[in-house]
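The next block holds one structure in the form of structure tokens; read it before the comments.
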Amino acid sequence: MESTLKEMRQGASVLDMDPKSTVGGGVEDVYGEDQATEDLLITPWTLSVASGYSLLRDPQYNKGLAFTEKERDAHYLRGLLPPIVVSQQLQVKKLMQSIRNYEVPLLKYIAMMELQERNERLFYKLLIDNVEELLPIVYTPTVGEACQKYGSIFKRPQGLYISLKEKGKILEVLKNWPERSIQVIVVTDGERILGLGDLGCQGMGIPVGKLSLYTALGGVRPSSCLPVTIDVGTNNEQLLKDEFYIGLRQKRATGQEYSELLHEFMTAAKQNYGEKVLIQFEDFANHNAFELLSKYGTTHLVFNDDIQGTAAVVLAGVVAALKLIGGTLGEHTFLFLGAGEAGTGIAELIALEMAKQTKAPVEETRKKIWLVDSKGLIVSSRKDSLQHFKKPWAHEHEPVKDLLSAVKVIKPTVLIGSSGVGKTFTKEVIEAMTSCNDKPLILALSNPTSQSECTAEEAYTWSKGRAIFASGSPFDPVEYNGKTFFSGQSNNAYIFPGFGLGIVISGAIRVHDEMLLAASEALAGQVTKEITKKGLIYPPLSSIRKISAQIAASVAAKAYEIGVATRLPRPENLVKYAESCMYTPVYRNYR
Ligand SMILES: NC(=O)C1=CN([C@@H]2O[C@H](COP(=O)(O)OP(=O)(O)OC[C@H]3O[C@@H](n4cnc5c(N)ncnc54)[C@H](OP(=O)(O)O)[C@@H]3O)[C@@H](O)[C@H]2O)C=CC1
Ligand SMILES: CC(=O)C(=O)O
Ligand SMILES: [Mg+2]
């Protein structure tokens with residue numbers, strides 16, 4: 001007690017940290033032993049935080065008007081707040097009202113970012129309680145516009161910027177970050193931000209947004225998450241000329257200079273946070289993404305969301321869609337527009353799952369999958385000029401120059417857009433899909449909405465209501481012929497939060513394809529008959545935390561099974577364990 005008072009006189013408050021309490025404390029107890037132990041001052045349940053004015057300015061601990069009378073007395077807050085005390089629920093109601101008053105999505109985004117910087121728990125409470133409404137704001141499509149305008153809307157840095165200027169000093173830079181027990185890093189170099197191209201340093205909006213989802217959707221606590229942007233310059237002329245651009249004003253470094261900086265980062269991250277830190281690569285251009293994944297896949301715990309996360313979510317959607325379109329996975333024929341990270345990543349996981357189901361070699365199952373890139377159908381006669389990740393898809397066929405011709409000759413049952421180019425599923429393409437299928441499965445994955453291969457309305461109208469449709473960015477329900485069509489969101493946001501949680505709770509040290517298949521299967525398993533009856537192939541995002549716990553449990557179970565899990569003993573009920581580990585944004589009590 002004496003030392004409590006001493007700390008308080010020194011300007012510290014004491015936060016209730018009863019490890020038996022499930023309200024908001026659970027995740028700290030499970031995840032943050034190191035941090036928590038270092039911060040413990042008196043008893044195992046207390047943690048020192050700022051008090052008075054500083055407490056109100058500390059987003060991790062600030063509760064605004066929700067500080068109780070007792071807390072206001074104990075923590076030198078009297079007079080610093082208006083007299084009223086309100087509940088967190090009322091704060092949520094008020095903020096949702098004010099966010100809804102903004103018509104422009106970017107203003108809603110800015111309001112959410114300001115909230116995150118002011119009162120972190122309230123930000124997550126808002127996001128979790130209103131996930132379907134707010135996901136399009138903090139994530140695609142609005143995050144894309146936010147990145148494009150990041151230089152102008154930028155107020156406070158929300159992650160770590162590592163530029164060529166920091167070469168040789170990256171370990172020191174990591175130590176400047178206020179949190180020490182980091183469990184998930186999302187890193188980008190900004191070269192392929194959604195389908196918007198090279199946004200350089202302004203790509204920071206993506207790691208920040210993805211990590212907000214790690215917490216809101218997957219329950220990984222915010223202080224364990226680190227957004228990183230590696231700035232090696234940009235080839236975006238417009239940004240280079242923009243006086244408000246926040247990144248290095250130079251062309252992108254490539255070759256040795258690029259790989260040395262990346263290598264220094266990868267080494268420093270492992271040295272500083274240990275081998276169990278999950279490093280998620282996000283929105284790198286494909287000429288670096290595949291190489292980074294294979295280079296660090298055997299030495300670090302790495303995951304490429306665009307290649308692997310997307311693959312798992314699309315496979316799950318396709319498997320769920322079989323209830324609507326019929327047949328087994330192996331009986332279907334797939335055609336992709338776009339043969340980059342997303343396209344070839346998805347294609348490979350589908351081929352692996354087909355091979356698993358049919359016991360055929362993967363070289364055989366790949367033959368059911370065709371890809372079109374900017375030069376036409378990928379066929380063996382083009383093999384020499386093909387990038388390595390396209391080569392497995394170069395089947396024997398005469399050249400086909402465009403998507404429409406490819407649909408006509410291949411007659412796919414499933415059409416997947418992963419080109420980053422909007423409006424490429426034309427009326428003719430959708431009609432061709434409809435003429436060879438009773439229920440064509442059409443996935444327009446490209447983000448943000450402006451880059452979607454087609455809209456939901458186009459898919460339903462042009463297919464005369466027969467398409468089963470999902471897209472990377474959300475679309476409103478569509479009225480067609482007196483019927484309402486609901487389309488789902490085929491986005492890796494369904495996978496990476498639960499996948500990451502599964503890694504963290506099992507202490508997995510490597511990512512294996514089997515873990516991706518387990519995640520995908522767990523997601524598909526959440527798609528009930530009630531859901532598919534509505535024409536949907538994904539479960540509602542409103543139940544995403546429950547879904548994430550299921551995915552986490554399956555990923556963890558697989559990690560234990562294949563021997564890459566290090567957290568022992570293995571919890572018996574992994575779903576319950578995953579749920580108990582999830583961060584909840586309910587305010588904690590200060591005494
Ligand atoms: N829904 C989701 O969860 C996800 C969506 N995405 C989205 O997918 C899109 C692509 O991402 P990613 O795969 O990483 O990008 P890549 O740059 O790796 O791949 C793009 C591919 O599209 C091809 N392409 C480009 N323009 C055309 C065109 N006009 N006609 C035919 N093919 C074309 C490219 O051809 P070439 O090789 O010849 O240049 C390349 O093969 C982005 O919009 C991204 O936002 C990505 C990840 C997840
Ligand atoms: C969703 C995502 O990761 C992308 O569009 O890049
Ligand atoms: Mg991405």
Side-chain angles (χ1 to χ4, degrees), residues 135-136 139-141 143-144 147 186-199 203 205-207 209-210 213 280-291 293 303-317 335-348 370-378 382 385-391 393-394 400-406 415-426 429 443-453 470-475 487-497 523 538:
L135 210 60
Y139 192 55
T140 184
V143 72
C147 289
V186 176
V187 58
T188 189
D189 72 355
E191 193 168 2
R192 196 285 278 144
I193 294 299
L194 308 177
L196 301 170
D198 184 352
L199 297 185
I206 294 294
K210 290 272 176 183
L213 270 50
Q280 173 165 319
F281 295 118
E282 193 71 51
D283 291 10
F284 282 75
N286 63 38
H287 54 94
N288 290 317
F290 287 101
E291 202 180 311
L293 187 60
F303 168 70
N304 184 302
D305 188 34
D306 301 299
I307 303 171
Q308 300 173 300
T310 315
V313 79
V314 172
L315 174 61
L335 180 65
F336 287 77
L337 181 72
E341 294 167 67
T344 62
I346 302 162
E348 184 63 12
W370 298 82
L371 292 95
V372 171
D373 67 8
S374 65
K375 298 186 186 70
L377 190 66
I378 297 180
R382 287 181 47 189
S385 60
L386 292 176
Q387 289 139 292
H388 67 92
F389 49 87
K390 292 180 183 168
K391 288 190 176 165
W393 311 102
V400 178
K401 62 178 185 341
D402 58 38
L403 178 66
L404 180 58
S405 314
L415 178 65
I416 300 177
S418 52
S419 62
V421 185
K423 304 273 164 222
T424 36
F425 289 173
T426 58
V429 167
L443 307 178
L445 301 181
S446 293
N447 296 315
T449 315
S450 59
Q451 312 308 111
S452 188
E453 283 78 8
S471 53
S473 299
F475 284 105
S487 63
Q489 198 174 343
S490 187
N491 193 296
N492 49 34
Y494 271 107
I495 290 288
F496 69 80
L523 176 57
Y538 292 103

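Atoms within each ligand, like the ligands themselves, are counted from 1 in listed order. Position 1 is the first residue of the sequence; numbering continues from there. FYI, side chains are in, hydrogens and waters are out, and symmetry mates aren't considered; it's all heavy atoms of this structure.
Residues K210 and N492 are in side-chain contact: their nearest non-hydrogen atoms beyond the backbone lie under 4.5 Å apart. Side-chain contact between T310 and E341: absent, with no pair of heavy atoms (C-beta onward) separated by less than 4.5 Å. For the pair V186/F496, no side-chain contact is recorded, criterion being any heavy-atom separation below 4.5 Å from C-beta on. When side chains are defined from C-beta on, V429 counts as touching L415, because their heavy atoms get closer than 4.5 Å. At least one side-chain heavy atom of I206 sits less than 4.5 Å from a side-chain heavy atom of L194. Looking at heavy atoms from C-beta onward, F303 lies in side-chain contact with Q280 at the 4.5 angstrom threshold.
Residue, atom and distance of the protein heavy atom nearest to atom 41 (O) of ligand 1 are A339 N, 2.8 Å. Atom 5 (C) of ligand 1 has its closest protein heavy atom at L445 O, 3.2 Å. At the shortest separation from atom 18 (O) of ligand 1 among protein heavy atoms lies N286 ND2, 2.8 Å. In terms of protein heavy atoms, atom 13 (O) of ligand 1 is closest to A342 N, 2.9 Å. In this structure, atom 48 (C) of ligand 1 lies nearest to the protein heavy atom T310 OG1, 3.0 Å. Here the protein heavy atom with the shortest distance to atom 19 (O) of ligand 1 is G340 CA, 3.3 Å. Nearest protein heavy-atom neighbour of atom 25 (C) of ligand 1: S419 O, 3.5 Å.
Between atom 7 (C) of ligand 1 and the options G472, S450, S446, the minimum heavy-atom separation is to S446. Of the candidates S418, S490, S374, S452, S374 brings a heavy atom nearest to atom 34 (C) of ligand 1. Checking Q489, Q387, R192, Q451 against atom 44 (C) of ligand 1, the nearest heavy atom belongs to R192. In this comparison of I346, D283, D373, V313, the heavy atom closest to atom 32 (N) of ligand 1 sits on D373.
Using a 4.0 Å cutoff on heavy atoms, K390 counts as a contact of ligand 1. Within the structure, the closest approach of T140 to ligand 2 does not fall below 4.0 Å when heavy atoms are considered. Residue contacts with ligand 1 leave out T424, since none of its heavy atoms falls under 4.0 Å from the ligand.
A donor-acceptor contact shorter than 3.5 Å links the side chain of Q489 to the backbone of G472.
Rounding to the nearest 0.5 Å gives a distance of 11.0 Å between CG of N288 and CG of N304. Between D306 atom CG and N286 atom CG the span is 10.5 Å, to the nearest 0.5 Å. Interatomic distance, CD of E191 versus CG of D198, reported as 5.5 Å (0.5 Å rounding). In this structure, CD1 on I416 lies 6.5 Å from CG on L445, to the nearest 0.5 angstrom. Between F336 atom CZ and I346 atom CD1 the span is 5.0 Å, to the nearest 0.5 Å.
Partners of T424 by side-chain contact (heavy atoms from CB on, under 4.5 Å), not counting sequence neighbours, listed by chain and number: L337, S419, V421, E453.
At under 3.5 Å, not a single nitrogen or oxygen of V372, backbone or side chain, sits near a nitrogen or oxygen of ligand 1. On a distance-only criterion, Y139 and ligand 2 share no N/O pair closer than 3.5 Å. Checking only distances, N491 never comes within under 3.5 Å of ligand 2, N or O to N or O. For the pair G338 and ligand 1, the shortest N or O to N or O distance does not fall below 3.5 Å. Among the atoms of G343, none of the N or O lies under 3.5 angstrom from an N or O of ligand 1.
Below the 2.8 Å limit, the Mg ion (ligand 3) has as protein N, O or S neighbours E282 OE2, D283 OD1, D306 OD1.
Residue-level proximity to ligand 1 for V421 is carried by the side chain, the only part with a heavy atom below 4.0 angstrom. Looking at D305 against ligand 1, nothing comes within 4.0 Å, counting heavy atoms. Proximity of K210 to ligand 2, defined as any heavy-atom pair under 4.0 Å, is confined to the side chain (atoms from C-beta onward). Under 4.0 angstrom from ligand 1, the non-hydrogen atoms of N492 come from both its backbone and its side chain.
Using a 30° and 60° split on the angle between ring planes, Y494 and Y538 fall in the parallel class, below 30°.
Residues D373 and R382 are paired through a salt bridge, judged by an N-O separation under 4.0 Å between the basic side chain and the carboxylate.
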Trace of the side chain to side chain contact (heavy atoms under 4.5 Å, CB included) decision for F389 with I307: CA-CA 11 Å; F389 49 87; I307 303 171; over 6 Å; no
